[in-house]
Each structure stands twice: as C-alpha cells, then as structure tokens.
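For reference, the structure discussed in these notes is given below.
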Amino acid sequence: IKIWKEMAVSLVTAEVFLLAVSAISILFGIINIIAVNKVDMEEIKASGSEFDENQELLDENDDANEDESTREDARQWIKNKYELLLRLHSKISDGANSFLFKEYAYMAVFIVLFSVIIACLAETQIGEFWTVIAFVLGAVISIISGFLGMRIAVAANVRTTKECSISLSRGFVVAYKAGSVLGFCLVGLALLFLTVLIMVYRRTYLIDREHTADAELYQMMFEKIAGYGLGGSSIALFGRVGGGIYTKAADVGADLAGKVVKGLPEDDIRNPGTIADNVGDNVGDIAGMGSDLFGSLAESSCAALVVSGTSQQLVIDTGAFYYPLLITGAGILCSIVTWMFATNQEACCKIQRYSDVEKVIKYQLVISTVLLIPALFLVSFFALPDSFTFKGIDHEVTNIEVFICALCGLVSGFLIGMVTEYYTSNEYYPVQELADSCKKGAAPNIIKGLALGYMSTIVPVLCLAATIYVSFKFADMYGIAIAALGMLSNLCIALAIDGYGPISDNAGGIAEMCALNLTRQRTDRLDAAGNTTAAIGKGFAIGSACLVSLALFGAFATRTNLLVVNVLEPLQFAGLVVGAMLPYAFSALTMKAVGTAAEAMIEEIARQDREGLIREGVEPDYAKCIAISTESSLREMIAPGLLVICTPIVVGLFFGSKGVAGLLAGAIVSGIQMAISASNTGGAWDNAKKYIEANKIQPEILNERDEEGNTIILRHNKGTETHKAAVVGDTVGDPLKDTSGPALNILIKLMAIISLVFGDFYEKTAW
C-alpha cells in the first residue's frame, strides 16, 4: 500500500490521470453530441408516432374508389408539420445566436478593460501578467462551455419534440443526452485547462524552483492562478443576469399579453413573444447556468489550491496539491457510470408512466452519490499524506478527516437536492397545496408561495451549517473548500439533469406551436420534471456557492494575513451590514430590469394585435420581440454587474481588508437565504400552474343549480379563473427563479474571488 500510495501522490501520476480523465470527459460529451445529431428527423412515420395517425391514411390499400383528396390531405399534413418543425427550430437557433454573439461582444470589451485593471492593481509588479493570463483563459473557457451547451440544446429541442411524438422514454433520452453534453464537456474543459495552467505555471512562474522547500512560492503561484476562477465567474455574471433578463422579459411579456389578456394557450404560434421565450430558455437556462457552475468549479478548486499553498507537506516534492482536482476527476468517472443507468432503459430506470420521469432523475442523484462515497475515500487515501499541517493551524490534519469534509459536502448536496424536489415538485404536498390555494384567487397563491420559499430555506441552511462546522473543525478553510468540491463532485450529472429541463421546455413549446397535442402532453410531463430538476440544479449551485464563497473568504484571509473577523469592531460590523444589503439591491436591479423589458415586450405584442398580426393564418413579427429582449437585457445587465464588481474594489480601496471581510460575511449570509427562497418559490409556482393544467384538481359539485335546473360543477382546469390565478403566480415567480435567485450565488462568489485576487492591492492602498 505504501508503494502504491507514493506512486499516486507523485506529480507525474496526478497530472497524467487528470489529463486522461479530462480527455475522457470531453470525448464522452462529443459522443453524446453525435448521438443527439443522429436522431433521424425524417423518421416521422415511426409506429406510435403522432404523425402515424395521419400516415395510416396513406398505408391503406390502393382502392380505385378511394378518396384521393383525403390521401393528399394526409400527405400535406405530414409535410406541413415537418416543415414547421424545422422552421421553428431555425428561428430559435438564429435568435439564440444573435443574442449570444452580441452579448459576447460586450464580454470581450469587459475582458479587455478588466484585464487592464488586473494588470495595474492585482499583479505583484507592473509588467507581470500571471493573473491576467489566468483570468482571460477562465473567461474564454467559460464562454466556450456556455456556447457549446446552448448549441446542443438548440439542436436537441426539435429532436426531443420529434422523439416525444413516438414515446415519452425516447424523448427523455434525447433531452438527457443533450444535457449530458453540457455536463461532461464543461467539467472536462474546466479540469483540463486548470491542470494545464498549473503545469505551465510550475515550469514558468517557479522557473527553476519547482523543488524549492519554500511553500510560500506555491501559495503565490496559486494566488495568480485564482484569476482562472475570476474569469469564469465574471462571464457567469453576465450570462446569468443578461440571459436571465432576456428569458424572463420574453416569458413574462408573452404570458401577460398572450395568455392573460388575449387568452392564447401557452406557446401559441400566434403569440409574437413565443419564439423569444424559447430562445431565452437556451441563452439563460443553458448558457448562463453552464457559465455559473463552471465558475463554481473553478473557484472552489482555486480556493483549495491557495490554502494548500500554506502546507509544506502538500506542495513540496509531491502531487498532493492536485487533490482538489482529483476529486473532480473521480466525479467524472462515477458520472459516466451513473449516466448509463438513465440512458440504458432496458436494463434499468425504464420510463413507462409519466411519474417515472422524476424517479429516473432522482435515481441519478442517488446512484452518483453512492458511487462517489468509496471513490472519494480512495482519492483521499492515495492522494494525500497520512497527516499534514497548515500555517496558522495548531493541529495536524489527516487524510481521513479531509475525506469526511468531502463526504459532508457530497451528502449535503444530495439532501439539498431532495429537499428542493420536495418543495418544488407537484408530486408532493407543498406544491399541491399551492395549486389548491389558486381556487381563491391570485393573492392566496402569492402569499402561500412566498411562505413556501421561506420555509424551504430551513433544511438547506442547516445542512450547510453542519457541513461548515465539521469541515472547519477538521481542516479549517481547506476543509470547507474540499466540502464545496465534494458537493460539486457529481457536477456532470447535476448539469445533465439541469440542462435537460429547458430542452424539454423548448420541445413543449415547439409541439404547441405545431399543434401536436399528444406530443405536448408528453413534453409537459418532461417539462414538469424539468422544472424540478432546474430547481435541484439551482439548489446545488446555491449550496456550493455558499461553501465556495466561504472557502474564497478563507483564501482571502490567508493572502491578507487576516487572522480573525471580529464583528464587535465598528469597521467590520459596518461592512457586514452593508454586505447584507447588497443582495437586496442586486435583486431589485435585476427584477426591475425584467419588469422594464417585459413592459416593452407587452407594448410590442399589443401593437401587433392592433395591426391584426395575432390571428390565424398570419405570421407575427417574431424578430421584433427577439430584438426587444436582446437590447433590453444587454442594456439592463450593466448596472447589476457594476454593483457586484465595483463594490469590493471600492470598499477595499477605502477601508482595506477588514472592511472587505465584513462586506463578504454579510453578503454570504444574506445572499444564500434570498437565493434559496427565490428559486424555490418560483419553481413551486411554475409547477402549481402545471398541476392545474394537467387537470389534477378535482371539480367541485356545488349545492346550487343553474337556470335550467342542472347541478353546477366548478372546474379548475386550464382556462378557468383558478388557472389564471396560477399564471399570475408563475409570472411573478419567473424573475425570482430564473434571474434574481440564480444570479445571487454569482454575486457572493464573484465578490469573494475579486477580493482574493485584489488582496495585495487592499493592503497597499487602504486609507
């Protein structure tokens, strides 16, 4: 065992393993891309397909007296539906590309400007570019990851629609494989380039001092590499905020002007905002979410690396400092095995009923968690020394204690996912109670929905508190960083089930626009499960953001030699109060931005209605609505972005590291509660609406009779006052769950990583 252990912790072994597993992850993502693109879009005559109902007319015997016009109508029906599918897919694809390319132009300007600021303020001396290079690399990989996810999502949505016309299970597999592309490609790219960055910096930044006995040089190197996490999180801010404003402006505008005012069904082809709504699912929920979790993975890895630089035993003549990355590598291998259970449905996890969809998704979390427990133990045992110490800690840390830290993060992530499912799935009581409250109108629905969100914070916060306590007790701030990576160790699966949601939502929109009723029923079931998976994904993102931010906080304290944060000191307490306010200010800016953009969308839809464009046989001006969402989101994302980026720099400039420490503490504590509440409230309102649309609320027989003497039956299905109340709740919840809530975790992470990168600047310039 000792011989094997020495081999495992060597630099060469660790680097070869990380490069190999990164390549496997990227290759696996490419395999899923090929599988999605191989779906035969012309296979519209498949047995059991919704198209098959009309195809039967063509398969009858060629009777000379057969009505040729009927046969011709059937042929034309199939041809028209197929052409409409492709046309809608093309419009969604063009709209997504248009927005992202414009957003990336803004991001390019930001990357250049912020690189100059980093070079001037954060580098050790003028003329160095170590942090700048890491920052630009992280930003570029984050952009690539989000773009890849968006492209495969756009390719998969129409294919999911087509597969759902045949069967529910086939539609699920396509959507899940497409989500897996985002998961495996993103994690593989993040791990590959971070590994390469460390390898290059070891041979350049350290020059000929790779085997130096001075651990501080490694700590300084890792502080430069932290720019990689800053780049990823900066792009995530614009992706989440810009994409979130885009998707919810289109969604809210289309809902209010289309469903509530005009009485159009959701995703009706006559609604001018419906294409923009479907575009938003891709740019906000796929590209934005991908960049967000890329940032979490990069930041938690960088935080652990910075803290590991304070331990001689982890960095001197060993590859043990690669341990945080090895956790991610083990997670990739376990995720590949887990993936097979979902896609090989003949062997396991077969979907035969609508209720099976959520079960299969839940099994993915269970299986990956079970597989990762022994994997994390093996990595901890072989990659780390039996015991080691950190600067400023008066006790030894063992590899078993570090394993327990990772295990706490893993289990906490699983519990947060399960609690999130309970509060947001319409299979459970909280959402069913919420749907029932819609009978009395929109106000009870709003009140109970807010209460549900507040209540849903209790268990996740307790899980995070327990994880923080145990991890800090065992391994100080290094333990918290490892706990964050433990929570993110099954990130491939978390991203796959999260990406599956908006793909299913898009597929349902396309089915509705094509008037494929049976297909729409199946995609609605996938979408309802997708709302839950999206909430679970947000739960993972928020929970990991708390641990990542705290780990970055620890790395910041290490860099600035800040031994304690004393809330009894006036400066630090004042910073804490201001920091606790920032999530509210940030949420106000993002929600107001959605409202402003939605108003412009409503006005445009009303204009088209006045001009007679919202009626049968006339194609509305989809492009105008797409342009409104694009311009509004790019304009409105600037103010929230400046708030997040400038605040820690300005506070550090005037009040130094102590003021920033209080600021970060307040923002983390306040932001986590708000993020969980907002995300779960919005998810619950959305699924309450879908519960009503699925006719799950039983009609009420009143003790009254109408004028003809018939018993009055009060129904609560689609189109009723109950449904309208649910739509109002869903509309209010949209910016909470898809804009403000998810973006709050970026606020706390980005403020923490900026503080870490600019730590030396605070020490030099504070007044």
Side-chain angles (χ1 to χ4, degrees), residues 21-22 24-25 28-29 32 145 149 176-177 179-191 289-290 292-298 300-301 304 323-343 348-349 360-380 403 405-421 460 463-464 467 481-501 532-548:
V21 79
S22 300
I24 290 171
S25 184
F28 197 73
N32 278 286
S145 300
Y176 186 75
K177 284 183 176 179
S180 300
V181 173
L182 176 65
F184 287 99
C185 284
L186 183 148
V187 176
L189 287 169
L191 184 61
M289 177 264 299
D292 179 4
L293 287 171
F294 171 89
S296 290
L297 180 60
S300 55
S301 300
Y323 172 70
L325 282 67
L326 293 171
I327 290 177
T328 303
I332 289 172
L333 299 178
C334 292
S335 295
I336 291 174
V337 176
T338 304
W339 176 91
M340 295 177 180
F341 285 94
T343 55
C348 178
C349 302
V360 171
I361 293 169
K362 186 187 295 185
Y363 292 156
Q364 291 290 286
L365 294 175
V366 173
I367 294 169
S368 62
T369 301
V370 170
L371 290 175
L372 273 164
I373 292 174
L376 291 177
F377 175 79
L378 292 174
V379 171
S380 303
F403 160 69
C405 296
L407 181 63
C408 286
L410 176 66
V411 173
S412 289
F414 175 76
L415 292 176
I416 289 172
M418 293 299 99
V419 170
T420 302
E421 182 195 24
C463 289
L464 291 171
T467 300
I482 295 304
L485 286 163
M487 186 175 290
L488 293 169
S489 57
N490 57 354
L491 182 58
C492 295
I493 294 300
L495 279 168
I497 64 175
D498 201 355
Y500 146 89
T532 303
T533 63
I536 291 173
K538 292 182 181 80
F540 270 101
I542 295 165
S544 65
C546 177
L547 298 178
V548 169

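- Remark: A190 engages Y228, F294, L297 in a side-chain contact (heavy atoms from CB on, under 4.5 Å) (not counting sequence neighbours).
- Summarising the geometry of L410 relative to T369, their closest heavy-atom pair is CD2-O, 3.7 Å, with the distance given to 0.1 Å.
- With rounding to the nearest 0.5 Å, the separation of SG in C408 from CG in L464 is 11.5 Å.
- With sequence neighbours excluded, the residues forming a side chain to side chain donor-acceptor pair (under 3.5 Å) with D292 are R240, K749, listed by chain and number.
- Between S489 and T328 the shortest side-chain heavy-atom distance does not fall below 4.5 Å.
- Separating the CD1 atom in I24 from the CG atom in L191 is a distance of 11.0 Å, to the nearest 0.5 Å.
- Closest approach of L372 to G331, counting heavy atoms only: CD2-CA, 3.7 Å.
- Residues that satisfy the side chain to side chain donor-acceptor pair (under 3.5 Å) test with S25, not counting sequence neighbours, are absent from this structure.
- Expressed to the nearest 0.5 Å, how far CD1 of I373 lies from OG of S368 amounts to 10.0 Å.
- Listed by chain and number, the residues in a side-chain contact (heavy atoms from CB on, under 4.5 Å) with P324 are A304, Y478, I482, L485 (sequence neighbours excluded).
- Checking S380 against Y323 by side-chain atom types alone, a donor-acceptor pair falls below 3.5 Å.
- For the atom pair SG of C492 and CD1 of I497, the computed distance is 12.0 Å after rounding to the nearest 0.5 Å.
- Not counting sequence neighbours, the partners of V337 by the side-chain contact (heavy atoms from CB on, under 4.5 Å) test are F341, L371.
- Taking all atoms of both residues into account, the shortest heavy-atom contact from S544 to A484 is O-CB, 4.4 Å.
- In this structure, I336 and M340 have side chains that are in contact, with non-hydrogen atoms separated by less than 4.5 Å.
- One finds the OH atom of Y500 at 15.5 Å from the CG atom of L182 (value rounded to the nearest 0.5 Å).
- Evaluation of the salt bridge (Lys or Arg N to Asp or Glu O under 4.0 Å) test over residues 363-376, restricted to residues two or more places apart or in two chains, returns none.
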Item to complete: Report the C-alpha separation of I416 and M487 in whole Å, then their side-chain angles, then the decisive distance to 0.1 Å, and conclude whether the side-chain contact (heavy atoms from CB on, under 4.5 Å) test is met.
Response: CA-CA 10 Å; I416 289 172; M487 186 175 290; 4.2 Å; yes
Fill in: Derivation of the side-chain contact (heavy atoms from CB on, under 4.5 Å) call for T338 and N490
CA-CA 10 Å; T338 304; N490 57 354; over 6 Å; no
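- In this structure S180 satisfies the side-chain contact (heavy atoms from CB on, under 4.5 Å) test together with N32, Y176, F184, W339, A496, sequence neighbours excluded.
- Taking the side chain as every heavy atom from C-beta outward, E421 and I361 never approach each other to under 4.5 Å.
- Sorted by first and then second residue, the side chain to side chain donor-acceptor pair (under 3.5 Å) pairs with a member in residues 405-416 read S412-T467; sequence neighbours excluded.
- For the atom pair CD1 of I332 and CD1 of I493, the computed distance is 11.5 Å after rounding to the nearest 0.5 Å.
- Residues satisfying the ring-ring contact (aromatic ring centres under 6.0 Å, His included) criterion with F414, sequence neighbours excluded, are absent altogether.
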